[in-house]
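In what follows, a structure is listed as structure tokens, so that the remarks can point back to it.
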Amino acid sequence: MKQSPAQDWGPEPSAWAPMRRPVFRALWLAQLAANMGTWMQTVGAQWLMGDLGGGAFEVALVQTATTLPVFLLVVPAGALGDILDQRRLLLGGQFLMFLGAAGLAGVTAAGEATQGLLLGLTALMGVGEAFCISSFQAIQPELVSREEIPQAALLNSANGNVARAAGPALGGAMIAAVGPEATFALNALSFLGVLVVLYAWKRPATHRPLGSEHIRDAIRAGARYVRSAPLFGAVIGRSGLFMIFAGGLWALLPTIARGPLGLNAGGYGLLLASVGLGAVLGAIVLPSIRSHLKTNTLVTGAMLVYAATMPVIGLVPSPIGVAAALIVSGLAWVAVLSTLSASAQVLLPAWARTRGLAYYQLVFMGGQAIGGVGWGMAADWLGVGTAFVVSGIGLLVTTLVSMRPLPMPSGPVDVGPAQVWADVPDVAMPGRDAGPVLVTVEWRVDPENAEAFIEAMRDVGRSRRRTGASMWWLFEDMADPTLFLETFTVGSEREHLRLIMERGNKWDQQLEARAMALTRPGSKPFVRHMIWAYASGRDEELSSLP
């Protein structure tokens, strides 16, 4: 019997559909060159650390130096992406990465490289990446249609992995022929193409009726959104658990190459190229696989396949056998990351997209940074082969345990802008920082619908918190069981206006409509918007009275 497709995101456009978009295509090609340069530098930096006397732990620190700045800075950088021009933020981040690569090329060519300089300049590039990583993801819905976001995520994953296939091999050959400084210099040049494309992109200005948020408020709003978005939280949780264990591959592969396999820099580059080849194969076959599997099944299956390859990579003494396992792990890697990335992008509204993706990257890079240190120490204590086995078992166990409590979204969520509040207060000024503001909503519900209404209002409460509410309650009148009072507070008048004027979306609208359908026919919620009586300095006036 033929299996019916399990498409939970709708019909699949062509895998190459996003490439018809001129800006996406130009940026994709420029990023391909930059990603190739980055992978060449990765090989050069890890190999140089070994030449400078570093062991497994010091080599693993190269990965930590790349990812730790992202872990520390990605949240404020994500907030800046939502309140500033993302294009300018991207230009600044790319320029920092150019400076780090150029500086590393200079000190290495001059023979002045040390372990500290290597890690410091690598960390500078990580700072630049922190300002770019979330914004690059956040602008994708501006470059392609909503239906093409999964394909764009897959092409972007394939981009990095095509570079992974070619960059390490080229980097290894250049190290053998010239030295690691050549890989650093080419990486610096590779950022110029991205800078040119971003500079030429005429991005429409973002309309903000209430002006830009303060970065402190933007960070708080992003954290509040993530805490109250369980679907997005599941994506973040699966990503973090995957990266803590899967990151062991990238941290320990140089040690496997230099040690048990006895390879030179060129051989290590070919091992990384095997991962890239698997990822390219994944980009080709994944659209067909995705049309027959639900998102949760696809992500879980790919994680289990990746876990199964880890012991093979750590224990098989043959470079050919390890390369074959790396091809499979590359395919699983791109399946997991592209699906998680696409899910994260479509679950976030435009006003919170960059800061929400910043938390996604925080967990992603944090898991990789922790894994880099942890698996480096495990390799020193237990041996590199045992560390691979332990990481594979850990990924297997956490994947199986997290399937039910952290399910992937089973269908599309429309977070396009929409007017949720019908009655907007008539405010002559753009909003003050005075507050807090209390909003009350009276609902009339017949007794037979009360339980269903209370349950539906749980989702409405999460919606209020996502868009700005700091506290939310639902009360039932003790004397009149048909009367329910919803109350929530917002920190300031300005934040209250953002909630009702800027942050509504169609998903929130649907959640409120579901609750509204359970109310008494003909009734209409009665809404009050009230500000704290002493918010305007009236408490000072009263205290001065005799």
Side-chain angles (χ1 to χ4, degrees), residues 5-15 17-18 21 24 28 78 81-82 86 133-159 206 222 225-240 242 283 286-287 289-291 293-300 302 334-364 406-418 420 459 462-463 466-467 503-511:
Q7 297 176 342
D8 49 358
W9 295 100
E12 289 276 328
S14 164
R21 314 284 181 174
F24 178 89
W28 190 92
D82 279 332
Q86 289 170 331
I133 190 165
S134 299
S135 289
F136 263 129
Q137 281 190 293
I139 64 173
Q140 297 306 308
E142 299 180 38
L143 305 180
V144 301
S145 68
R146 174 180 168 81
E147 293 74 18
E148 294 169 350
I149 288 177
Q151 283 66 35
L154 182 58
L155 285 172
N156 286 328
S157 295
N159 185 313
T206 303
Y225 189 96
V226 171
R227 285 198 307 268
S228 302
L231 292 178
F232 185 69
V235 174
I236 288 181
R238 297 293 289 272
S239 173
F242 177 70
L286 189 57
I289 295 174
R290 186 161 48 203
S291 67
L293 295 176
K294 290 186 176 296
T295 302
N296 197 51
T297 304
L298 175 60
V299 170
T300 301
V334 76
V336 173
L337 295 195
S338 66
T339 306
L340 289 174
S341 177
S343 297
Q345 290 176 41
V346 299
L347 288 172
L348 293 168
W351 71 268
R353 185 170 293 130
T354 313
R355 68 192 91 176
L357 289 170
Y359 283 96
Y360 171 81
Q361 292 295 341
L362 175 70
V363 173
F364 183 90
L406 296 175
M408 294 292 294
S410 59
V413 176
D414 191 350
V415 291
V420 176
D459 289 332
R462 293 192 186 99
S463 168
R466 282 195 297 268
T467 52
R503 296 177 179 173
N505 63 69
K506 294 178 182 178
W507 184 21
D508 296 330
Q509 196 176 52
Q510 292 168 5
L511 295 176

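- Side-chain contact between Asn156 and Ser341 is absent, with no heavy-atom pair separated by less than 4.5 Å.
- Distance CG/Leu357 to CD/Gln345: 6.0 Å, rounded to 0.5 Å.
- When every heavy atom of Asp82 is checked against every heavy atom of Ala350, the shortest pair comes out as OD1-O, 3.9 Å.
- Within the 3.5 Å criterion, the main-chain N or O of Val144 finds no donor-acceptor partner in the side chain of Arg21.
- Side-chain contact check for Leu340 versus Phe364: every heavy-atom pair is 4.5 Å or farther apart.
- Scanning both residues, Val226 and Ile236, for their nearest heavy atoms gives CG1-CD1, 3.9 Å.
- Asn296 and Arg238 are linked by a side-chain donor-acceptor pair at a separation below 3.5 angstrom, with hydrogens and angles left out of the test.
- The two residues Pro407 and Ala234 make their nearest non-hydrogen contact at O-CB, 3.2 Å.
- Between Arg466 and Asp508, at least one side-chain nitrogen of the basic residue sits less than 4.0 Å from a carboxylate oxygen of the acidic one, meeting the salt-bridge criterion.
- Considering OG1 of Thr339 and CG of Leu286, their distance stands at 5.5 Å, rounded to 0.5 Å.
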So Tyr360 and Leu348, side-chain contact (heavy atoms from CB on, under 4.5 Å) or not? Walk me through it. CA-CA 11 Å; Tyr360 171 81; Leu348 293 168; over 6 Å; no
Between Val415 and Val346, does the side-chain contact (heavy atoms from CB on, under 4.5 Å) criterion hold? Intermediate values first, please. CA-CA 8 Å; Val415 291; Val346 299; over 6 Å; no
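- Proximity of a side-chain donor or acceptor of Ser338 to a complementary backbone N or O of Val334 within less than 3.5 Å is detected.
- Tyr359 and Gly222 get closest at one heavy-atom pair: CE1-C, 3.8 Å.
- Between Arg227 atom CZ and Arg462 atom CZ the span is 13.5 Å, to the nearest 0.5 Å.
- In this structure, CG in Leu406 is found 11.5 Å from OG in Ser239, a value given to the nearest 0.5 Å.
- Expressed to the nearest 0.5 Å, how far CG of Leu347 lies from CH2 of Trp507 amounts to 6.5 Å.
- Between Tyr225 and Trp351, the angle of the ring planes goes over 60°, which puts this pair in the perpendicular group of the 30/60° scheme.
- When all heavy atoms of Gly78 and Ala358 are compared, the closest pair comes out as CA-CB, 3.7 Å.
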Derivation of the side-chain contact (heavy atoms from CB on, under 4.5 Å) call for Leu337 and Phe242: CA-CA 10 Å; Leu337 295 195; Phe242 177 70; 4.1 Å; yes
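- A 4.5 Å side-chain heavy-atom check between Arg353 and Gln137 finds every atom pair outside the cut-off.
- Distance check, rounded to the nearest 0.5 Å: OG of Ser135 to CZ of Arg355 gives 11.5 Å.
- The heavy-atom pair separating Gln140 from Phe136 by the smallest distance is NE2-O, 2.8 Å.
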